[in-house]
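See structure below.
Every chain is numbered from 1, with letters handed out A, B, ... down the list of sequences.
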Number of protein chains: 2
Amino acid sequence: MPGTHDLLFRTLSDPTRRGIFECLCSQGEQTVAALTAQAGVSQPAVSKHLAMLKQAGLVRDRHQGRQTHYSAQLAALAPLADWTNRMAGYWESRFDDLEDLLKRMDQ
Amino acid sequence: MPGTHDLLFRTLSDPTRRGIFECLCSQGEQTVAALTAQAGVSQPAVSKHLAMLKQAGLVRDRHQGRQTHYSAQLAALAPLADWTNRMAGYWESRFDDLEDLLKRMDQ
DNA sequence: ATAATTCATAGCCATATGGTTATGGAATTC
DNA sequence: GAATTCCATAACCATATGGCTATGAATTAT
């Protein structure tokens, strides 16, 4: 699915949103209030970012009483790593082609 | 620099722009006309995307006569890989902490 | 019961974004 | 040198985006 990459890159492109995700990665599960305290924007803004992160599969939510706990879903980053590797792979393969070409020319 | 990540994610978040970059990665150096043929948008749009990719360090341009050749700068993806690894690192370190905690509890 | 807390949604607004057409400058070609 | 090609920039437009305040639903505390 190419749409997966779109959603991932798009979701991580906003600094505030990425900050929230980093916060969840580095400090583990957090409530909305705790995240809001560090985000530097209003609570509704944080909730919207969390909704987007959730839609991208980057976070999971767990409801407990009147508070919602969010946690990072690291596995969702896999397509990003795959994409990077694919770009690097293209590079190498073109390099191999060049090498191959040079070999042929050498004969 | 945290701004580096911002620029990178932001630049790669647009599908058309990412498509152009992928094109350069997979097929090597290309002229603006060649890229425009595959991009599905107008030539000025392609030029604008290329300017942004260049500003993010993701591409290099080489002027030859009246045409400009662009090529991917794979090294610019390094911060992206670093960021991903850092997120994974947080995960592992929290896991280690948990492991450590369990060990202590076990005693 | 009533009040207070926690979060999500709704509605609004300013700005950013990506696209288009029009234009112009520089380099080839005729 | 006139015409053409290649690309970048300018000007403009519709929409998307991220922020805010206001509000409401659900839960907990008084």
No-H, no-angle donor-acceptor pair, A/Arg66 side chain to C/dT6 base, under 3.5 Å = no
message = Counting distance alone, no hydrogens or angles: does the base of C/dA27 have a donor or acceptor under 3.5 Å from a partner atom on the side chain of B/Gln67?
response = no
ask   = Please give, in whole Å, the distance from D/dT28 P to A/His63 NE2?
value = 13 Å
query = Once you round it to whole Å, what is the distance between P of C/dC7 and CG of A/Asp61?
reply = 12 Å
ask   = What distance separates B/Asp82 CG from B/Met87 CE, expressed to the nearest 0.5 Å?
value = 10.5 Å
message = Whole angstroms only, please: what is the CD-C1' distance between A/Gln43 and D/dG18?
response = 15 Å
Rounded distance (nearest 0.5 Å) linking atom CG of A/Leu50 with atom CG of A/Leu58 = 11.0 Å
query = Which whole-number value in Å describes the distance from B/His49 NE2 to D/dA8 P?
reply = 13 Å
inquiry  = When you measure from the side chain of A/Ser47 to the backbone of A/Pro44, do you find a donor-acceptor pair of N or O atoms at a distance under 3.5 Å?
reply    = no
request  = Give a yes/no answer on whether the side chain of B/Tyr70 brings an N or O atom under 4.0 Å of OP1 or OP2 in D/dA8.
outcome  = yes
ask   = Which is true for B/Ser42 with a 4.0 Å heavy-atom rule: it touches a base, it touches only sugar-phosphate, or it touches nothing?
value = base
key: DNA chain C: 5'-proximal contact among B/Asp14 and A/Thr31 (nearest heavy atom)   = A/Thr31
note = When rounded to whole Å, the CZ to C1' distance for the pair B/Arg17 and C/dT17 reads 9 Å
note = Between the OG1 atom in A/Thr84 and the CG atom in B/Leu74, the distance rounded to the nearest 0.5 Å is 9.0 Å
query = Rounding to a whole Å, what distance do you find between A/Leu50:CG and D/dG19:P?
reply = 12 Å
query = What is the nucleic acid contact for B/Ser47, judged by heavy atoms within less than 4.0 Å: base, sugar-phosphate only, or nothing?
reply = base
request  = For A/Gln55 and C/dA8, give me the distance from atom CD to atom P, rounded to whole Å.
outcome  = 15 Å
task = Can you tell me the distance, in whole Å, between the NZ atom of A/Lys48 and the C1' atom of C/dG11?
result = 10 Å
remark   = Which of D/dC7, C/dC7, C/dG18 is nearest the side chain of B/Met52? It is C/dG18
task = Name the closest nucleotide to the B/Pro44 side chain, picking from C/dA8, D/dA16, C/dT21.
result = C/dT21
ask   = So which one's nearest nucleotide on DNA chain D is more toward 5', B/Val32 or A/Ser13?
value = B/Val32
ask   = If you measure from OG1 on B/Thr11 to CZ on B/Arg18, what distance do you get to the nearest 0.5 Å?
value = 11.5 Å
query = When we call it a touch if two heavy atoms are under 4.0 Å apart, what does B/Ala45 touch: a base, just sugar-phosphate, or nothing?
reply = base
